[in-house]
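Encoded as structure tokens, the structure appears first; notes follow it.
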Number of protein chains: 4
Amino acid sequence: MSPRTQQQLDKIRKERKQAIMDTALETFAEHGYESTSISMIARKTDISKGLMYNYFEGKEDLLTSIMTEGIEEMFSMADPNRDGVLTKEEFEYLIDGMFELMRVKSNFYKLYFSLMMQPSVSKLFMAKMNQVIEPFLKLFVDYYTKKGAKNPMVEAVLVGALFDGIGFNYVFNPDVYPLDEVIKLVKERFV
Amino acid sequence: MSPRTQQQLDKIRKERKQAIMDTALETFAEHGYESTSISMIARKTDISKGLMYNYFEGKEDLLTSIMTEGIEEMFSMADPNRDGVLTKEEFEYLIDGMFELMRVKSNFYKLYFSLMMQPSVSKLFMAKMNQVIEPFLKLFVDYYTKKGAKNPMVEAVLVGALFDGIGFNYVFNPDVYPLDEVIKLVKERFV
Amino acid sequence: MSPRTQQQLDKIRKERKQAIMDTALETFAEHGYESTSISMIARKTDISKGLMYNYFEGKEDLLTSIMTEGIEEMFSMADPNRDGVLTKEEFEYLIDGMFELMRVKSNFYKLYFSLMMQPSVSKLFMAKMNQVIEPFLKLFVDYYTKKGAKNPMVEAVLVGALFDGIGFNYVFNPDVYPLDEVIKLVKERFV
Amino acid sequence: MSPRTQQQLDKIRKERKQAIMDTALETFAEHGYESTSISMIARKTDISKGLMYNYFEGKEDLLTSIMTEGIEEMFSMADPNRDGVLTKEEFEYLIDGMFELMRVKSNFYKLYFSLMMQPSVSKLFMAKMNQVIEPFLKLFVDYYTKKGAKNPMVEAVLVGALFDGIGFNYVFNPDVYPLDEVIKLVKERFV
DNA sequence: GATGAATGAGAATTCATTCAT
DNA sequence: CATGAATGAATTCTCATTCAT
């Protein structure tokens, strides 16, 4: 047996780190951050408690890593800044993308929503999330401005609230929520 | 010398109990249910930890009491069942009532939202809240049916999501949120 | 209404004190000393917690009072020292008396046995109980000496153990224990 | 460097667990189950409170483990079921074994007796103990039947009470109790 | 890297006792 | 005399984190 190369080690490390984060996200989403113990995550990931601390500085670091990754992923997947202008088709496409993200990353959204509710925790992520949200808001404002809305800012805020509300309702009841039809209606009414 | 009369005792009990519930609601809303300790509440209410248990069976009972009271208040304040039919004016009035409630009881809403995010806790209140929400949903469906909407149910669900989303955004940023204008727009767009 | 006389007050006081002790004995016997709370006793006796402390200095004092009373009662009821000599008939009579006492005062015996098991507590009562037991033991020794037993002391000790054992088994299973037949056999074998 | 092997871990766990159980048995026997705190046991075992919960689910589990072990040990050491029949010699041997056990495991017996006194706890062990006691009782009944006793069952019950009583007296005064002579007399009188 | 034993701070809860009324 | 609100110390238990191996 030749010893593993540095690259192999890096790969293992990266994969394991991801495995921990995946399990943790799932568990945080299911039981909440506070109610999830490090032991639980370690057991589910099939590693020892001690090893967790080799990959993350602690529980909070684990949470931050998950959230950061999720936010970045959101940012990269749904980056709207192609040319800074939104056509009708692009708006619709963006809406689809957004809700598709919720479908695929529903655990992330669950966690996100639950963290937003705890101001003491949320400050950590608020800033980051705002970096994601703001460009969208700006796009919306531009869109409604161009459309000649009386108060484009408010219009944009309303759409933002709508996305949050639908997401919020959907991720906690994915099985019964009529997401597709709701999306269709959103498009009719807000695009 | 002589012991307190029953009335005096009742008064003390009622006031203390309310004081505890007020502090607890505030603290739960600020830090979340899990992250709030009984000690914290006791300290803030300026009573001993032990006394908490004279008034509530435990942390969960305290939470339940707060939520039950809040839900009942909500129910009584915003009871829509006058004649089971919603005119345009009544719909607008109802919207105003709803958001007024959020303004006044923003801590309750914060707590409500945060609890909904924690499956472990939420089951307790889901049922109760649904009793409150369902009649509204039904009213909305009727309203949109009468208005001749293609898909009244989806329309109602969308309004529900909108209320959640606005509430959610508002209670966590009450100072900067343009609530009045958003409400106005909701009325224009959804009534 | 004329105020109650001192005698009436004394009577009330005495009766109430007895009522507390009765309830306490019952509850201690049922749940054990440690597991019985002052609140529980107060509630059952239908008085306030505070009043308990008007009658007893504390939980331990209450226990001591109960035990002292019980032991004294035992002493007075089963006092064998008529002339210091035990005939066969008297021995049998004494045995009957003893077990009759267990039947009537089974709660006291339960408590007694359970306290004896906790050396830290028992020291308090050991001394007192020994004052009760010793004369009996002496009587037994005399009896067996007169009967010409090889080792009267051991004989007496054995009878003592037998009484304890039967009592112990009986008070914890009074419904199924064949007390009468066992007593009969004890007499046959040991008188 | 390298983590401990499974064997090392097993050894540590087994030893620690046993150490805790030993201390706990001693302390329960001395102060009673209720009056013994986890802290007390941890301090005596020279480990942290928290570690207790690595080895036992809680105080009750600790008690159950101790009792189960003790009962099993009793069962295995004093198993009378060789051929289901008891000769005179075997009976005497059995008596010796029983009291030898009391001598060696006097703490277990103390705890056993004290638990039997607390109905709240006792139900847990009553069943188990009866499994141990019943075969003995049956043996005794057979023995006395064969001996032609008028009422073998009562005879057996009496012997049972005697064992309890002697044990009870002995374990709480092992230094002064004339156990050997009492045993001798028991054999003379009951074998 | 990897393990899980071990710690210690802190959580919820209980309860004997005190005391203002 | 009587009440029960109030306290505070002690109890059981949890868990993030450390560390010897």
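Labels below follow one simple rule: chain letters A, B, ... track the order of the sequence lines, proteins then strands, and each chain is numbered from 1.
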Out of [options], which has the shortest distance to the side chain of [X]?
X: D:K59; options: E:dA5, F:dT12, F:dT7; result: F:dT12
X: B:K49; options: F:dC13, F:dT7, F:dA10; result: F:dA10
X: B:I12; options: F:dA6, F:dC13, E:dA6; result: F:dA6
X: A:R16; options: E:dA6, E:dA2, E:dT21; result: E:dA2
X: A:S48; options: E:dT17, E:dA6, E:dG4; result: E:dG4
X: D:Y55; options: E:dA5, E:dT13, F:dT17; result: E:dA5
X: B:R4; options: F:dG4, F:dT12, F:dA2; result: F:dG4

> Between C:T64 and C:F56, is a side-chain contact (heavy atoms from CB on, under 4.5 Å) present by the stated rule, with each step listed?
Replying inline: CA-CA 10 Å; C:T64 306; C:F56 300 94; over 6 Å; no
>> Assess, by modelled atom type and distance only, whether the side chains of C:T36 and C:T27 contain a donor and an acceptor separated by less than 3.5 Å.
In response: no
> Have D:E34 and C:Q118 got a donor and an acceptor in their side chains that come within less than 3.5 Å?
Replying inline: no
> Are B:Y53 and E:dT13 close enough that a side-chain N or O sits under 4.0 Å from OP1 or OP2?
Replying inline: yes
> Is B:N54 near enough to F:dA6 that one of its side-chain N or O atoms lies under 4.0 angstrom from OP1 or OP2?
Replying inline: no
>> Given C:K11, which partner from the list C:E15, C:Q8, C:Q7 fulfils the side-chain hydrogen bond (donor to acceptor under 3.5 Å, both in side chains) test?
In response: C:E15
>> Taking side-chain hydrogen bond (donor to acceptor under 3.5 Å, both in side chains) as the criterion, tell me which of B:K17, B:R13, B:R16 meets it with B:N54.
In response: B:R13
>> What contact category does A:G50 fall into here, base, sugar-phosphate, or nothing, at under 4.0 angstrom with non-hydrogen atoms?
In response: base
>> Classify B:L9 by what it touches in the nucleic acid, base, sugar-phosphate, or nothing, heavy-atom distance under 4.0 Å.
In response: sugar-phosphate
> Relative to the ring of A:F113, is the ring of A:Y109 parallel (under 30°), tilted (30 to 60°) or perpendicular (over 60°)?
Replying inline: tilted
Would you mind reading off the distance between [X] atom [atom1] and [N] atom [atom2], rounded to a whole angstrom?
X: B:R13; N: F:dA6; atom1: CZ; atom2: P; result: 9 Å
X: B:F56; N: E:dA12; atom1: CZ; atom2: P; result: 15 Å
X: C:L51; N: E:dT18; atom1: CG; atom2: P; result: 15 Å
X: A:Q6; N: E:dG1; atom1: CD; atom2: P; result: 10 Å
X: A:K17; N: E:dA2; atom1: NZ; atom2: C1'; result: 17 Å
X: C:D61; N: E:dT17; atom1: CG; atom2: P; result: 10 Å

> Can a cation-pi geometry be assigned to B:K59 and B:F28, taking NZ or CZ under 6.0 Å from the six-membered ring centre and within 45° of the ring axis?
Replying inline: no
> Is it the case that D:K105 places NZ or CZ above or below the six-membered ring of D:Y112, under 6.0 angstrom from the centre and within 45 degrees of the axis?
Replying inline: no
> Atom CG of B:L115 and atom CG of B:L63: how far apart are they, to the nearest 0.5 Å?
Replying inline: 5.5 Å
>> On DNA chain F, does the nearest nucleotide to C:M52 precede the nearest nucleotide to D:E60 from the 5' side, or the other way round? Give the residue.
In response: C:M52
>> Output the pairing pattern of DNA chain E as a dot-bracket string, 5' first, Watson-Crick or G-U wobble with both distances under 3.5 Å, | for cross-strand pairs, [ ] for crossing pairs.
In response: .||||||||||||||||||||
> Tell me, which of residues 36-45 of chain A have any heavy atom that sits under 4.0 Å from an atom in DNA chain F?
Replying inline: A:T36, A:S37, A:I38
> When you measure from the side chain of D:S35 to the backbone N and O of D:G32, does any donor-acceptor pair fall under 3.5 Å?
Replying inline: no
